[in-house]
Protein chains: 4
Amino acid sequence: MASGGVNKVILVGNLGRDPEIRYTTNGNAVANVNLATTRRYRGREGQQQEETEWHRVVMFSRLAEIAGEYLRKGSQVYIEGRLQTRKWQDNNGNDRYTTEVVANEMQMLGGGGSGGGRGGGGGWDQSAPSDFDQTPPQGGGGSPGGGGGGQPDFDQDFEDDIPF
Amino acid sequence: MASGGVNKVILVGNLGRDPEIRYTTNGNAVANVNLATTRRYRGREGQQQEETEWHRVVMFSRLAEIAGEYLRKGSQVYIEGRLQTRKWQDNNGNDRYTTEVVANEMQMLGGGGSGGGRGGGGGWDQSAPSDFDQTPPQGGGGSPGGGGGGQPDFDQDFEDDIPF
Amino acid sequence: MASGGVNKVILVGNLGRDPEIRYTTNGNAVANVNLATTRRYRGREGQQQEETEWHRVVMFSRLAEIAGEYLRKGSQVYIEGRLQTRKWQDNNGNDRYTTEVVANEMQMLGGGGSGGGRGGGGGWDQSAPSDFDQTPPQGGGGSPGGGGGGQPDFDQDFEDDIPF
Amino acid sequence: MASGGVNKVILVGNLGRDPEIRYTTNGNAVANVNLATTRRYRGREGQQQEETEWHRVVMFSRLAEIAGEYLRKGSQVYIEGRLQTRKWQDNNGNDRYTTEVVANEMQMLGGGGSGGGRGGGGGWDQSAPSDFDQTPPQGGGGSPGGGGGGQPDFDQDFEDDIPF
DNA sequence: TTTT
DNA sequence: TTTT
């Protein structure tokens, strides 16, 4: 009961911190990437304004591994993916929703992004394998764990206000 | 401190209900549109799966007026816009985030979508006027701002159930 | 010597005529689709203008078969693909170039597009199979290759009038 | 007599040569940019293949001026625009068609692209002004002039095979 | 809550 | 050659 459609996101931005890589019990990699895009526009009185938007990007499998090897805080990257809103429960049992971009393509830009990477030769396929079910491993995963929460420690010299 | 970038969303889907239109104190229209896209994929055992994703789409100004006149529950529409995550406080004073697609272009599809519309002659420009500051009227813009925290006034008559 | 990149085309338009389907010697389907998009803009004196653009869209394999079954003249469709410029020689031996959109995704819109189709049950996957090399079968693939130069065999029964 | 639609191109690639800037009699700038994108794919026998595609990109007005100032051979750039096929006559009076991407947005990538530019501070608006009729100045423009043609002189150390 |  |  659904009529298809298109759900596409295209981002070009910079990483707010190094990617975080985890592995599912099946051994599939999952990468969380924090990406900033900035929009410049002219305000009501003609003054230049800018507004930075932070995006949660999730990658799976081969794409996640590549992100883990080659992307670093500050890397500029092109991401293509789809919007996905996950439901989870906070500590009070309230439903919460988090919207992420599930990436299915990535291009490192600027010749940069390397520096921390393995640097190994090219030859890698930048698309997620098609035989991989890209649904994020439900359960636990993204939900904040037990007590205290914890302040983000990743925003030191890149940005002071990453919300995620 | 920001290096530009690209923040683009492209959706083709169907409205889950009629658009909701409000007006800012400046008389600018704001439309909230609830859009479904469905993804079909093959699960691990090869069985057909499908997953519907719901998107919050916000439109301003001329585009919001067109949405209010021509879109109805079930209308199929092409939307282009950008991702924007708004921060707000829930009743317990906790930070909450809601991600929306701020539309800047729209195409009605399927010859449909009409039926409830004014039907008046064509001639309308489907793009947001370029002299319009598409930033949602931040705080103040008619906001009652009464009691402690609570939903952002943007949402008060749109959402009464979580999430969309 | 090439640094990757992104080459993406997104079209929503109507078919100018029924798709034309051929088969390679390997039995892979190839569809040629002629798609119109119309742009409305305001001219220098503020008058409404419109301009129709015609696009050559090429599909392969499963996607081509779906196009052949379900698309008809007038069908509204969403196409995603990449730009590809083919070189060929005209009858005078001069190099000529033709730019096409090689589709890798398709969505039929408007509930329409049917009418001529087989109508058979759903369940089809609208993406090109990932194990298919989407490069058009270069030279040979059934080409008669008769006389001197001339239109590439790809085009022989699609085009009889220039350009589309 | 036309039903709208979407005609969108998104490219991320590198310039094959410096942009060429001309001015219309109205003083509006027109830039021609030659952009390479490379696709990597796996061939029938599993071997890595790559294919470079060259795109003709045209920019007008403010966007063209920015291109002229900041882009150079080798610059990496994000381009968003629409497909447009122009008709012209060759020296034998035959109709010829050239497909171009008419850009309406641009983002310089990699922190690079500078080097030859004026380097002046930011603050520029990367979108084409909305009051500009983006139809390319018809007549002459793209058609190859009189005798001799002339070999391209731009492919020295970047690429040997730019077709345009 | 949509749609095929 | 499409479509509204």
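So that the names make sense, note that chain A is the first sequence line, chain B the second, and so on, each numbered from 1.
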Exercise for review: Just jot down the side chain to side chain contact (heavy atoms under 4.5 Å, CB included) partners of Asn7(D), sequence neighbours excluded, or say none.
Suggested key: Leu11(C), Thr37(C), Glu53(C), His55(C), Arg82(D), Leu83(D)
Check your understanding: Asn32(B) has an atom CG; how far is it from atom P of dT1(E), in whole Å?
Key -> 18 Å
Revision key, fill the gap. Between CD of Glu20(C) and P of dT1(F) the distance, given in whole Å, is 14 Å
Point to revise | Which nucleotide in dT1(E), dT1(F), dT2(E) has an atom nearest any side-chain atom of Asn34(C) | key: dT1(F)
Point to revise | Between P of dT2(E) and NZ of Lys73(B), the distance in whole Å | key: 5 Å
Check your understanding: Between dT4(E), dT2(E), dT2(F), which nucleotide has the shortest distance from any of its atoms to the side chain of Arg40(B)?
Key -> dT4(E)
Check your understanding: Given atom CE of Met108(B) and atom P of dT4(F), what is their separation to the nearest angstrom?
Key -> 12 Å
Check your understanding: So which nucleotide from dT2(F), dT4(F), dT2(E) ends up closest to the side chain of Trp54(B)?
Key -> dT2(E)
Exercise for review: Please name all residues satisfying side chain to side chain contact (heavy atoms under 4.5 Å, CB included) with Ala64(C), sequence neighbours left out, ordered by chain then number.
Suggested key: Ala29(C), Ala31(C), Met59(C)
**Study point:** Interatomic distance where CD belongs to Glu50(C) and C1' belongs to dT4(F) [whole Å]
**Key:** 9 Å
Check your understanding: Between Gln107(C) (CD) and dT4(E) (C1'), how many Å, whole number?
Key -> 11 Å
**Study point:** Spacing of CG belonging to Asp95(A) relative to CH2 belonging to Trp88(A), to within rounding of 0.5 Å
**Key:** 10.5 Å
Review point. For Arg56(B) and dT2(E), what is the distance between atoms CZ and C1' respectively, to the nearest whole Å?
Key: 16 Å
Study note, to complete from the structure: Note: Asn28(B) and Ser61(B) closest approach over all heavy atoms is OD1-OG, 4.1 Å
Review point. If you check the Thr52(C) side chain, which of dT2(E), dT4(E), dT2(F) turns out closest?
Key: dT2(F)
Revision key, fill the gap. Atom CD1 of Ile66(C) and atom P of dT4(E) are separated, to the nearest Å, by 18 Å
